[in-house]
Amino acid sequence: LEKERGQVNFNVEELTNIYDGGAEETKLRRKVADVIQNDPEVRCKDIGMMTREERYIDGVRRCVYLYKVLLPREGWTPVSKEVKDYFKYRNIGKERSFGVHAGVFIPCLLSFGSDEQIAKWLPLAMQFQIIGTYAQTEMGHGTFLRGLQTTATYDKKNKEFVINCPEISAMKWWPGDLGKSANHALLMAQLVIDGKKYGMHPFMVQIRDLTTHMPLPGITVGDIGNKVGFETTDNGFLHLNQVRIPRENLLCKNAEVKPNGTYLTKASDKMVYGSMVRLRAIILESEAVSALGKACTIAVRYSLVRCQGELEPGKPEVSVMEYMTQQKKLLPYVAMTYVTHFACLKLSNQYNAFTREMDNNDISGLPELHALSAGMKAVVSEQCSDGIEILRKSCGGHGYSNASGIPIIWSSAVACCTYEGENTVMLLQCARYLVKCINQVQTTRMVGSVAYLNNMTQSTCHVDSVSGFKQLDVLVACFQYRAREVLKTAALKLSHLTKHGMASYNAWNQSSVELVNVVKAHITQFIVTTFASGITELECTKPVKNVLQQLCALYALSCINASTGDFLKVGYLSPRQCDLAHEAELELLSCIRPNAVGLVDAFDFSDDLLQSCLGAYDGNVYERLFAWAKKSPLNKTEVTIYQQYIQIRLIGRRKAF
Ligand SMILES: CCC/C=C/C(=O)SCCNC(=O)CCNC(=O)[C@H](O)C(C)(C)COP(=O)([O-])OP(=O)([O-])OC[C@H]1O[C@@H](n2cnc3c(N)ncnc32)[C@H](O)[C@@H]1OP(=O)([O-])[O-]
Ligand SMILES: Cc1cc2nc3c(=O)[nH]c(=O)nc-3n(C[C@H](O)[C@H](O)[C@H](O)COP(=O)(O)OP(=O)(O)OC[C@H]3O[C@@H](n4cnc5c(N)ncnc54)[C@H](O)[C@@H]3O)c2cc1C
């Protein structure tokens, strides 16, 4: 790898600073990383050989130490900028507990609670005097929130809410930290007053005794069992049987119930969905893009040291990175990490701007933000998790071992396709907004992420050279045109179906397969446009700008070459231009290849965070692999009890004969 590092033609530290948002940000992040990673009590453990129970207990132990000892010792809190920045890009693996407590329960308390309620519960939550979960999903409903069955019925006489799960499908199922850790739940239930339903509302419900940690009366709670990933997290189940809570436990920033049962709403009923917009807008970096960056780091470093086969007959074996097919597997995902990182940054900045507008009672930006966050969450989580699996496979047999570190990265990242809104449902939410926009574009000027819809002029691509397809303005035009045209086509189908008498909900269902593709085109356009314009404005050295332009072009071309049918169907590219785009991607792979190790080094993931025998900074793969394997529990004894048992059985049988 040192030889590879010698040929990198740009300043890696400069790129790390750009990725972090500035040299100061890098310094801050590294400071937190050093403190956390050099403290034996909290540094990531080699979890590849641990049982589920060991991982849960180790995760809780490490996080209690992190939050109760290390952070106070350093003068930080869970929401300090240092810690937030560190967790944003480099969360301490998936091996942390209380992720929902810190990342969902506390922010939702701030979103839904009145000032008095925040003053009451926030200090307790920040000090871990109470551990909370966000209990919304039920065994029978996760997507369709209007179908949630848990009820909160107001009892005027006692000024209480009676929380009840009327049947087994109403049981809360999946909430993180619920199974064994949480003693409180921010619980979403259908509010009922005098037999009338008012929809989903947030309630603070204590579920365990604060001294004994035993479930309170009427509460049945536990862990839902082993999962594909998130093994440190005790995703749990919660059944409530006529559990009574005080009237004051309805989190009442947006709506309240007076003592006499009068219902008072203070904000749009969609604000109750606000917590999900927030999470969709901010989780992508830490849960998906950062995971892709780790997998890229491992796969690129391994591919550079893994020698396999002769490229030129009779010559020494080459690193598998010399094969074009390996470059095609890896480098577009290195590009995707950079490109989506900056698009996610733009989305989270847009969310922060919305929260400031909301403080001034202006929620006019919510529809666009809901659509963009839903679309981005679906597209980025799917592209990243699909990419991580391709990167795992690119490491051959050792990629299938937990020693590679990639399986656990994938098993966490892929969950992002489901939680916070199942991806297809999120794509269709974004599609709902896009169809509205295209139907209004003749009379209303579009702004923000849909501004490209204003330019309705027909045109085709005039590029007739391979180098022309490496120009960012050409690529941006390709994506904007494709996104606009596939949306127009889907909207035309919808209106055609309804004009010929089909009910709107049926027409929507009949068009939903196309609409999913429309949103993917829209979001890919947003990602490419954002990065391309960001590079233009970026102040950096020429070699860094050059490599970022190559990455943007590579991501764009890999997306075009994966969906040439769209560009041919809308008449924007000819078959010959598709061939030129394909050649342009191959040329870019070769241009970027010499910088591959520098591009992943710039992500600045420590060996401690990667937890990988294949992706360590020094590239000493085989020594690490063998040391790791020797730690297998099966190697504790040369002859395992089972082998002894078999011998006894076999010997016993032989004697019998
Ligand atoms: C670390 C892991 C932690 C994980 C935690 C979790 O998973 S927690 C669990 C995560 N669980 C989930 O994420 C559950 C996913 N499910 C949902 O979010 C909802 O059930 C739904 C949006 C799918 C449908 O909801 P519905 O049937 O009530 O609504 P509808 O479709 O009929 O649209 C009506 C109008 O509302 C609008 N609008 C909708 N949502 C939002 C919003 N967030 N903001 C703003 N606006 C929104 C929509 O655009 C439409 O506007 P229009 O066009 O009329 O102007
Ligand atoms: C790791 C993990 C952590 C989680 N943490 C939490 C948590 O802390 N708190 C919490 O409350 N929940 C949590 N969840 C639950 C999660 O939010 C839900 O699983 C998610 O919202 C999906 O809902 P569902 O399971 O009902 O899927 P479903 O909606 O049942 O999806 C099944 C299929 O139906 C399709 N489908 C459903 N509705 C439609 C539609 N209208 N149109 C087209 N297709 C449709 C979907 O696309 C999907 O293919 C977690 C889940 C996971 C995996």
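Read the numbers this way: they start at 1 and go in the same order the structure lists the ligands and their atoms. Just so it is clear, the values below take in all heavy atoms, side chains as well, and ignore hydrogens, waters and symmetry mates.
Within the 4.0 angstrom cut-off, atom 12 (N) of ligand 2 has one or more protein heavy-atom neighbours. At a distance under 4.0 Å, a protein heavy atom can be found next to atom 26 (O) of ligand 2. By the definition of a contact as any protein heavy atom under 4.0 Å away, atom 33 (C) of ligand 2 is not in contact.
Between the side chains of Gln117 and Ser114, at least one donor-acceptor pair of N or O atoms lies under 3.5 Å. If you check the side chains of Glu54 and Tyr56, you find no donor sitting under 3.5 Å from an acceptor. Judged purely by distance below 3.5 Å, without hydrogens or angles, the side chains of Ser181 and Asp234 pair a donor atom with an acceptor atom. Ser348 and Glu285 share no side-chain donor-acceptor pair at under 3.5 Å.
The distance from ligand 1 to the heavy atoms of Leu366 drops below 4.0 Å at these ligand atoms: 45 (C). Counting atoms of ligand 1 from 1 in the listed order, those under 4.0 Å from a heavy atom of Arg280 are 12 (C), 13 (O), 15 (C), 18 (O), 43 (N). Set against the non-hydrogen atoms of Val277, the atoms of ligand 1 under 4.0 Å away are 42 (C), 43 (N), 44 (N). Against a heavy-atom cut-off of under 4.0 Å, Glu420 is close to the following atoms of ligand 1: 4 (C), 5 (C), 6 (C), 7 (O), 8 (S), 10 (C), 13 (O). Those atoms of ligand 1 that come under 4.0 Å of a heavy atom in Thr143, given as number and element, are 14 (C), 15 (C), 16 (N), 17 (C), 19 (C), 20 (O). Near Gly142, the atoms of ligand 1 lying under 4.0 angstrom from a non-hydrogen atom of the residue are 14 (C). The distance from ligand 2 to the heavy atoms of Gly176 drops below 4.0 Å at these ligand atoms: 7 (C), 8 (O). Atoms of ligand 1 lying under 4.0 Å from any heavy atom of Lys436, numbered from 1 in the order shown and given with element: 52 (P), 53 (O), 55 (O). Applying the 4.0 Å criterion to heavy atoms of Gln136 picks out, from ligand 1, the atoms 9 (C), 10 (C), 11 (N), 12 (C), 14 (C).
In terms of protein heavy-atom proximity, atom 23 (C) of ligand 1 is nearest to Val425 CG1, 3.5 Å. In this structure, the protein non-hydrogen atom closest to atom 24 (C) of ligand 1 is Gln429 NE2, 4.0 Å. The nearest protein atom to atom 19 (O) of ligand 2, hydrogens excluded, is given as Thr418 CG2, 3.8 Å; this is a heavy-atom distance. The protein non-hydrogen atom at the shortest distance from atom 43 (N) of ligand 1 is Tyr273 CB, 3.1 Å.
Of the heavy atoms in Val100, only side-chain atoms (C-beta onward) come closer than 4.0 Å to ligand 2. With a 4.0 Å heavy-atom cut-off, ligand 1 is reached by the side chain of Arg432 but not by its N, CA, C or O. Of all the heavy atoms of Asn423, none lies under 4.0 Å from any atom of ligand 2, so neither backbone nor side chain is involved.
The closest heavy-atom contact to atom 42 (C) of ligand 1, among the options Met200, His370, Met426, comes from His370. When Tyr419, Trp173, Phe105, Trp174 are checked for heavy-atom proximity to atom 6 (C) of ligand 2, Trp174 turns out nearest. The nearest non-hydrogen atom to atom 1 (C) of ligand 2, considering only Phe230, Trp508, Phe144, comes from Phe230.
Between Tyr134 and ligand 1, not a single N/O pair is under 3.5 Å apart. When only interatomic distances are considered, the shortest N/O to N/O separation between Tyr419 and ligand 1 does not fall below 3.5 Å. Not a single N or O atom of Thr137, backbone or side chain, sits closer than 3.5 Å to an N or O atom of ligand 1. At least one N/O-N/O distance between Tyr134 and ligand 2 falls below 3.5 Å. Considering backbone and side-chain atoms together, Gly421 places an N or O closer than 3.5 Å to an N or O of ligand 1. Distances between N or O atoms of Val100 and those of ligand 1 include no value under 3.5 Å.
Residue contacts with ligand 2 leave out Val104, since none of its heavy atoms falls under 4.0 Å from the ligand.
Only one option out of Phe161, Tyr154, Tyr263 pairs with His201 in a ring pair (Phe, Tyr, Trp, His ring centres under 6.0 Å); it is Tyr263.
The aromatic ring centroids of His101 and Tyr134 lie 6.0 Å or more from each other.
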Only distances under 3.5 Å count here; give the side-chain donor-acceptor pairs of residues 367-380 to other protein atoms, sequence neighbours excluded, each with its distance to 0.1 Å.
residue: Glu368; atom: OE1; partner: Tyr433; partner atom: OH; Å: 3.1
residue: Glu368; atom: OE1; partner: Ser449; partner atom: OG; Å: 3.3
residue: Glu368; atom: OE2; partner: Ser449; partner atom: N; Å: 3.0
residue: Glu368; atom: OE2; partner: Ser449; partner atom: OG; Å: 2.8
residue: His370; atom: NE2; partner: Gln429; partner atom: OE1; Å: 2.8
residue: Ser373; atom: OG; partner: Leu369; partner atom: O; Å: 2.7
residue: Ser373; atom: OG; partner: His370; partner atom: O; Å: 3.1
residue: Lys377; atom: NZ; partner: Cys416; partner atom: O; Å: 2.8
residue: Lys377; atom: NZ; partner: Tyr419; partner atom: O; Å: 2.9
residue: Lys377; atom: NZ; partner: Gly421; partner atom: O; Å: 2.4
residue: Lys377; atom: NZ; partner: Asn423; partner atom: OD1; Å: 2.9

